J.: 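My questions will all concern the structure given below.
Both counts, for ligands and for their atoms, begin at 1 and track the order of listing. What you are looking at is a predicted structure, and each value in this text was computed from that prediction instead of being measured.
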Amino acid sequence: MRVGFGCDHAAVDLKNELMAYMKDKGYECLDYGTNYDEDGEIIKCDYPAKGQEVGEAVASGEVDYAVLLCGTGIGISLSANKVAGVRAAVCSEPYSARLTRQHNDANIIAMGARVVGSELAKMILDEFFGAEFEGGRHQRRVDMIAEIENKYRK
Ligand code: RB5
């Protein structure tokens, strides 16, 4: 499974720690930045640009899922959700992370580096990536989300 990782300048350390954690578990991890430059300074990055970039990587199938991080997880997920086909969910605890896979078929999980610590973030990823979409009545509702998206597609 290919998992993309993207963040703004508020979440570089968490992104790198979570990427290493997921690599250790055998996931193929693609780093979309942002990162440190050669002087050790964090490269500034506006969360809408990163949300769009990684959202497009998910929508095109370049990666199967993605993990997006900013200060709160909110701005970057709002931005990714503007890309057709993206279902990005901000989660700050494991229960929602599992349910958003099982019921919403979320393809991006977002977290806030100023909200969750790294150990909690790892538990959240374990739940998200350990769960399967349940289909059935949930498929109909996910299809309804796509219909809203189609209604406003230019
Ligand atoms: C950047 O300071 C901050 O606004 C951003 O990381 C995020 O929290 C936005 O939702």
J.: Quick check: does any side chain N or O of Glu149 sit under 3.5 Å from a backbone N or O of Gly85, one acting as donor and the other as acceptor?
T.: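 Answer holds: yes.
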
J.: Could you tell me which atoms of ligand 1, counted from 1 in the order shown, lie closer than 4.0 angstrom to a heavy atom of Gly71?
T.: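 Once the distances to Gly71 are compared, the set is 5 (C), 6 (O), 7 (C), 8 (O).
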
J.: Spell out, yes or no, whether Tyr65 and Met19 are grouped together once hydrophobic residues are joined by side-chain heavy atoms under 4.5 Å, including indirect joins.
T.: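 Looking at the clustering, Met19 is in the same group as Tyr65.
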
J.: Based purely on interatomic distance, does Asp8 place a nitrogen or oxygen under 3.5 Å from a nitrogen or oxygen of ligand 1?
T.: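 Min N/O separation from ligand 1 is below 3.5 Å for Asp8.
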
J.: For ligand 1, is any non-hydrogen atom under 4.0 Å from Ala10's backbone (N, CA, C, O), its side chain (CB onward), both, or neither?
T.: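 Near ligand 1, Ala10 shows its side chain, while the N, CA, C and O stay back.
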
J.: What protein heavy atom lies closest to atom 10 (O) of ligand 1? Include the residue and the distance to one decimal.
T.: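 Protein heavy atom at minimum distance: Gly75 N, 2.9 Å.
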
J.: Name all pairs fulfilling the salt bridge (charged side-chain N to carboxylate O under 4.0 Å, His left out) condition that reach into residues 71-82, sequence neighbours left out, sorted by first residue then second.
T.: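 Qualifying pairs: none.
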
J.: Flag Cys70 as yes when one of its N or O atoms lies below 3.5 Å from any N or O atom of ligand 1, and as no otherwise.
T.: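 By distance alone, the answer is no.
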
J.: Under the criterion salt bridge (charged side-chain N to carboxylate O under 4.0 Å, His left out), I'd like the reasoning laid out for Asp46 against Lys50: C-alpha separation, chi angles, the key distance, then a yes or no.
T.: CA-CA 7 Å; Asp46 294 320; Lys50 195 57 64 184; over 6 Å; no

J.: With heavy atoms of Tyr47 as the reference, note each atom of ligand 1 found under 4.0 Å away.
T.: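 Ligand 1 atoms under the 4.0 Å threshold to Tyr47: 5 (C), 9 (C).
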
J.: If you measure from CD1 on Ile42 to NE2 on His9, what distance do you get to the nearest 0.5 Å?
T.: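 It is 8.5 Å, given to the nearest 0.5 Å.
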
J.: Can you figure out which of Leu69, Asp46, Thr72 has its heavy atom closest to atom 8 (O) of ligand 1?
T.: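 Nearest heavy atom to atom 8 (O) of ligand 1 lies in Thr72.
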
J.: Any donor and acceptor pair, going by atom type alone, linking the side chain of Arg98 with main-chain N or O of Ala131 inside 3.5 Å?
T.: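 The answer is no, because no donor-acceptor pair under 3.5 Å joins these two groups.
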
J.: Tell me which protein heavy atom sits closest to atom 2 (O) of ligand 1, plus the residue, atom name and distance to 0.1 Å.
T.: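 Here the nearest protein heavy atom works out to Arg114 NH1, 3.4 Å.
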
